[in-house]
Asks: 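This is the structure I want to talk about, given as structure tokens.
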Amino acid sequence: EVQLVESGGGLVQAGGSLRLSCAASGFTFDDYAIGWFRQAPGKEREGVSCISSSDGSTYYADSVKGRFTISSDNAKNTVYLQMNNLKPEDTAVYYCAAVEGYYGLDKGPVPEVLYHYWGQGTQVTVSS
């Protein structure tokens, strides 16, 4: 059974940091790209960052570039999203998702519609 389980969300003041984790099981992690998405109340879901487990390439949305860092520990089948200098507009439910076979993500993200598997999400709330 494929599972993606997010953790690490919470309440933090503006300027603070959180590290989200996405633990994957049930598929060959090394062949997949993992993406982080977020959805704020009343807004559409948006891509935040993604990483290819096969070549380590990464992509960041402009809104988080320089503040968020994505990384992958293939031995633990886990992807992390380190979020620094958080802003109230980062408040959202954060989801991780997996898609098979993508790399070269520095050229651009994998379209959301192509992701096969999704986690249940973790809430991040940034107070001003």
Side-chain angles (χ1 to χ4, degrees):
E1 179 188 5
V2 172
Q3 277 195 315
L4 295 172
V5 180
E6 303 97 335
S7 61
L11 173 64
V12 65
Q13 288 188 328
S17 298
L18 285 173
R19 189 177 79 156
L20 304 184
S21 299
C22 173
S25 60
F27 59 90
T28 307
F29 189 77
D30 293 359
D31 295 338
Y32 278 69
I34 305 294
W36 283 99
F37 295 81
R38 65 186 181 186
Q39 188 166 22
K43 294 188 176 181
E44 292 189 356
R45 189 163 57 193
E46 64 172 347
V48 173
S49 181
C50 51
I51 186 168
S52 168
S53 298
S54 60
D55 72 356
S57 58
T58 60
Y59 166 84
Y60 296 94
D62 287 343
S63 58
V64 305
K65 204 171 290 184
R67 300 188 298 124
F68 290 11
T69 303
I70 192 169
S71 61
S72 178
D73 185 337
N74 287 18
K76 295 183 178 180
N77 285 7
T78 300
V79 168
Y80 304 98
L81 186 68
Q82 178 67 43
M83 306 186 296
N84 297 330
N85 191 21
L86 283 161
K87 304 175 181 181
E89 52 263 43
D90 294 317
T91 295
V93 177
Y94 283 70
Y95 301 89
C96 66
V99 58
E100 185 175 11
Y102 281 85
Y103 51 92
L105 301 184
D106 51 319
K107 307 296 190 296
V110 180
E112 179 180 339
V113 68
L114 296 180
Y115 281 84
H116 306 313
Y117 307 115
W118 289 83
Q120 294 301 305
T122 186
Q123 176 71 47
V124 172
T125 303
V126 184
S127 62
S128 57

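Starting from 1, each residue takes its place in the sequence as its number.
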Asks: Identify whether Tyr117 and Val93 are in the same connected component of the hydrophobic contact network (ILVMFWY, side-chain heavy atoms under 4.5 Å).
Replies: no
Asks: Restricting to non-hydrogen atoms, name the atom on Tyr115 and the atom on Val99 that form the minimum distance, rounded to 0.1 Å.
Replies: CE2-CG1, 3.6 Å
Asks: Supply the atom-to-atom distance Ser53 OG to Asp31 CG, rounded to the nearest 0.5 angstrom.
Replies: 9.0 Å
Asks: Can you tell me which residue among Thr78, Leu4, Val79 is in a side-chain contact (heavy atoms from CB on, under 4.5 Å) with Cys96?
Replies: Leu4
Asks: Sequence neighbours left out, what passes side-chain contact (heavy atoms from CB on, under 4.5 Å) with Ser49? Give chain and number order.
Replies: Tyr60, Ile70, Leu81
Asks: Just wondering, are more than 12 heavy atoms of other shown residues or ligands nearer than 6.0 Å to NZ in Lys65?
Replies: yes
Asks: Membership question, hydrophobic clusters at under 4.5 Å side-chain separation (ILVMFWY): are Val124 and Val48 in the same one?
Replies: yes
Asks: What I'd like to find out is whether the side chain of Lys107 reaches to under 4.5 Å of the side chain of Tyr59, using heavy atoms alone.
Replies: no
Asks: Quick check: closest heavy atoms across Leu105 and Ser52, and the distance to 0.1 Å?
Replies: CD1-N, 3.4 Å
Asks: Are Leu114 and Tyr103 in one and the same hydrophobic cluster, where Ile, Leu, Val, Met, Phe, Trp and Tyr link if side-chain heavy atoms are under 4.5 Å apart?
Replies: no
Asks: What are the two closest heavy atoms between Gly47 and Ala61, and how far apart are they?
Replies: O-CB, 3.5 Å
Asks: Taking the side chain as everything from C-beta on, heavy atoms only, tell me whether Lys87 gets closer than 4.5 Å to Val126.
Replies: no
Asks: Would you check if there is a donor-acceptor pair between the side chains of Asp30 and Thr28 at a distance under 3.5 Å?
Replies: no
Asks: Decide if atom CD of Gln82 counts as having more than 12 heavy atoms of other residues, nucleotides or ligands within a radius under 6.0 Å.
Replies: yes
Asks: Please tabulate, for side-chain N and O atoms in residues 8-27, each donor-acceptor pair with protein atoms closer than 3.5 Å (sequence neighbours left out).
Replies:
unit_1, atom_1, unit_2, atom_2, d
Ser17, OG, Asn84, OD1, 2.9

Asks: Drop me the distance from Glu112's CD to Cys50's SG, to the nearest 0.5 angstrom.
Replies: 11.5 Å
Asks: Give a yes/no verdict on a cation-pi contact between Arg38 and Tyr95, requiring under 6.0 Å between NZ or CZ and the six-membered ring centre and an angle within 45° of the axis.
Replies: no
Asks: Which pair of non-hydrogen atoms, one from Ala40 and one from Ala92, has the smallest distance, and what is that distance?
Replies: N-CB, 3.8 Å
Asks: Can you check side-chain contact (heavy atoms from CB on, under 4.5 Å) on Gln123 and Thr91, steps first, answer last?
Replies: CA-CA 8 Å; Gln123 176 71 47; Thr91 295; 4.1 Å; yes
Asks: Is there a donor-acceptor pair under 3.5 Å between the side chain of Glu6 and the backbone N or O of Thr122?
Replies: no
Asks: Taking the side chain as every heavy atom from C-beta outward, state whether Tyr32 and Tyr102 have any pair of such atoms under 4.5 Å apart.
Replies: no
Asks: Residues in side chain to side chain donor-acceptor pair (under 3.5 Å) with Gln39, at least two apart?
Replies: none
Asks: Looking at every heavy atom in both Arg67 and Asp90, which two are closest together, and how far apart are they?
Replies: NH1-OD2, 2.7 Å
Asks: Mind listing the closest non-hydrogen atom pair of Phe29 and Asn77 along with its distance?
Replies: CB-OD1, 3.4 Å
Asks: Does Trp36 have its ring centroid less than 6.0 Å away from the ring centroid of Phe68?
Replies: no
Asks: Heavy atoms, side chains only, cut-off 4.5 Å: are Phe37 and Glu46 in contact?
Replies: no
